[in-house]
Amino acid sequence: DGIINGAVWTTGKFGSALEITGTQFVENIPALFDTPIITAFTVTAWVKWYGPSPYPHDYIIFDGRADKPYGFCFYLRYMTGQLVMHLNDDSTVIYSTLTVPHEAWTFVAGVFNDDTDTLRLYINGKQDSTLTTSLHHLDSYHPAMIGNNHWALGDGQWAPINGIQDEIRIYNRELTASEIYDLYGGSNATDISID
């Protein structure tokens, strides 16, 4: 659940999706969003990035941060368009080697597993990068935001995805590489649930 603030419904990868630019966002996603996460999680989304925005900040897909060291953030890196995820604080950050192209639907996924001490990033169903970490996931106690920096209303540091987002999902487990590939549509797209 969440509240759409200025974002516009448009044609998505599947059905409709939200275009988020400027000071638009989806807010008030309850802080309980990550309570079911115990030792692992996966976040996935389809994004159609327009490219760098006029705002000098990263391009946020999902902002689940609270004050350090709680929560996580999933985004595209400022100017470069690399996929990024950081866990707990911005000292443990994983960057993709590939970049997300402009104006093309791209499937992105970030995975954390505390049992194996790993962070992983996937782009279009294929693993791109891996990082070893000793950190644990600590539940956020702030409401989350889709498509922008959830502190921007107070600090003015807008960080819109500057594009369209569709099918954002968070799982309370590590999806396997084959499950992520299937969500991308790699084995048989007609078998993918898009509800």
Side-chain angles (χ1 to χ4, degrees), residues 1-9 17-47 49 53-78 82-96 100 108-115 117-121 131 133-175:
D1 294 327
I3 297 172
I4 297 171
N5 194 318
V8 178
W9 288 106
L18 286 172
E19 182 180 47
I20 301 173
T21 60
T23 59
Q24 302 167 341
F25 50 87
V26 178
E27 65 177 330
N28 286 355
I29 297 164
L32 296 174
F33 79 90
D34 63 346
T35 299
I37 295 170
I38 306 301
T39 59
F41 70 87
T42 303
V43 55
T44 67
W46 282 95
V47 297
W49 183 46
S53 76
Y55 299 89
H57 304 290
D58 296 315
Y59 316 109
I60 295 179
I61 298 168
F62 184 87
D63 189 348
R65 297 172 293 167
D67 297 322
K68 294 179 182 180
Y70 299 91
F72 70 92
C73 195
F74 191 53
Y75 55 98
L76 303 182
R77 190 174 188 189
Y78 176 62
Q82 291 169 281
L83 183 63
V84 184
M85 185 165 71
H86 74 249
L87 180 70
N88 295 352
D89 61 40
D90 50 16
S91 66
T92 301
V93 184
I94 183 171
Y95 299 93
S96 67
V100 173
V108 294
V111 175
F112 168 69
N113 189 322
D114 194 19
D115 292 332
D117 294 328
T118 53
L119 287 165
R120 292 187 176 87
L121 294 177
L131 179 71
T133 178
S134 61
L135 291 180
H136 310 289
H137 172 71
L138 300 176
D139 287 356
S140 174
Y141 54 86
H142 282 188
M145 184 179 281
I146 293 172
N148 222 316
N149 168 22
H150 77 78
W151 281 297
L153 289 168
D155 65 17
Q157 295 186 27
W158 296 100
I161 182 61
N162 198 40
I164 306 172
Q165 293 188 205
D166 200 1
E167 301 293 314
I168 300 167
R169 299 175 179 181
I170 299 174
Y171 301 81
N172 64 345
R173 64 183 181 89
E174 177 181 9
L175 295 188

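In this text, all values refer to a predicted model and were calculated from it rather than measured experimentally.
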Chemist: Given Tyr75, which of Met85, His86, His57 fulfils the side chain to side chain contact (heavy atoms under 4.5 Å, CB included) condition?
Modeler: His86
Chemist: Looking only at heavy atoms, what is the nearest atom pair of Ile20 and Ala7, with distance?
Modeler: CG1-CB, 3.8 Å
Chemist: Between Ile61 and Ile146, is any pair of side-chain heavy atoms under 4.5 Å apart?
Modeler: no
Chemist: Between Phe33 and Phe41, does the ring centre distance come in under 6.0 Å?
Modeler: no
Chemist: Can you check whether Asp155 reaches Asn149 side chain to side chain, under 4.5 Å on heavy atoms?
Modeler: yes
Chemist: Is the shortest heavy-atom distance from the side chain of Pro160 to the side chain of Tyr55 under 4.5 Å?
Modeler: yes
Chemist: Determine whether Arg173 and Ile38 satisfy the following criterion, side-chain contact (heavy atoms from CB on, under 4.5 Å), listing intermediate values before the conclusion.
Modeler: CA-CA 8 Å; Arg173 64 183 181 89; Ile38 306 301; over 6 Å; no
Chemist: Could you walk me through whether Cys73 and Phe62 pass the side-chain contact (heavy atoms from CB on, under 4.5 Å) test, one step at a time?
Modeler: CA-CA 6 Å; Cys73 195; Phe62 184 87; over 6 Å; no
Chemist: For the pair Asp58 (side chain) and Ile60 (backbone), establish whether a donor and an acceptor sit closer than 3.5 Å, ignoring hydrogens and angles.
Modeler: no
Chemist: Quick check against the 3.5 Å criterion: does Asn113 have a side-chain atom that pairs as donor or acceptor with the backbone of Ala40?
Modeler: no
Chemist: What closest approach, in Å, do Gln165 and Ala17 show between heavy atoms, and which atom pair accounts for it?
Modeler: O-CB, 3.2 Å
Chemist: Side-chain contact, heavy-atom cut-off 4.5 Å: Phe72 with Val43?
Modeler: yes
Chemist: Using the side chain to side chain contact (heavy atoms under 4.5 Å, CB included) definition, which of the options Ile4, Asn148, Asp63 pairs with Phe25?
Modeler: Asn148
Chemist: Minimum heavy-atom separation for Ile161 to Trp49, with atom names?
Modeler: O-CD1, 3.0 Å
Chemist: Within the side chain of Ser140, is there an N or O that forms a donor-acceptor pair under 3.5 Å with the backbone of Gly71?
Modeler: no
Chemist: Looking at CG of Leu83 and CG of Leu121, how far apart are the two atoms once the value is rounded to the nearest 0.5 Å?
Modeler: 4.5 Å
Chemist: Any side-chain heavy atom of Val100 within less than 4.5 Å of one from Val108?
Modeler: yes
Chemist: With a 4.5 Å heavy-atom cut-off, do Leu135 and Phe112 have their side chains touching?
Modeler: no
Chemist: Do Leu119 and Thr92 have side chains that approach each other closer than 4.5 Å (heavy atoms only, starting at C-beta)?
Modeler: yes
Chemist: May I have the step-by-step check of side-chain contact (heavy atoms from CB on, under 4.5 Å) for Met145 and Val26, ending in yes or no?
Modeler: CA-CA 6 Å; Met145 184 179 281; Val26 178; 5.7 Å; no
Chemist: On the six-membered ring of Tyr95, is Arg77 placed so that its NZ or CZ lies under 6.0 angstrom from the centre and within 45° of the ring axis?
Modeler: yes
Chemist: Can you list every pair that meets side-chain hydrogen bond (donor to acceptor under 3.5 Å, both in side chains) and has a residue in residues 31-44, with sequence neighbours left out?
Modeler: Asp34-His137
Chemist: Looking only at heavy atoms, what is the nearest atom pair of Arg65 and His150, with distance?
Modeler: O-NE2, 2.6 Å
Chemist: Taking side-chain contact (heavy atoms from CB on, under 4.5 Å) as the test, write out the residues that go with Tyr141, two or more places apart.
Modeler: Ala66, Asp67, Tyr70
Chemist: Calculate, to the nearest 0.5 Å, the distance between atoms CG and CG belonging to Asp114 and Leu87 respectively.
Modeler: 8.5 Å
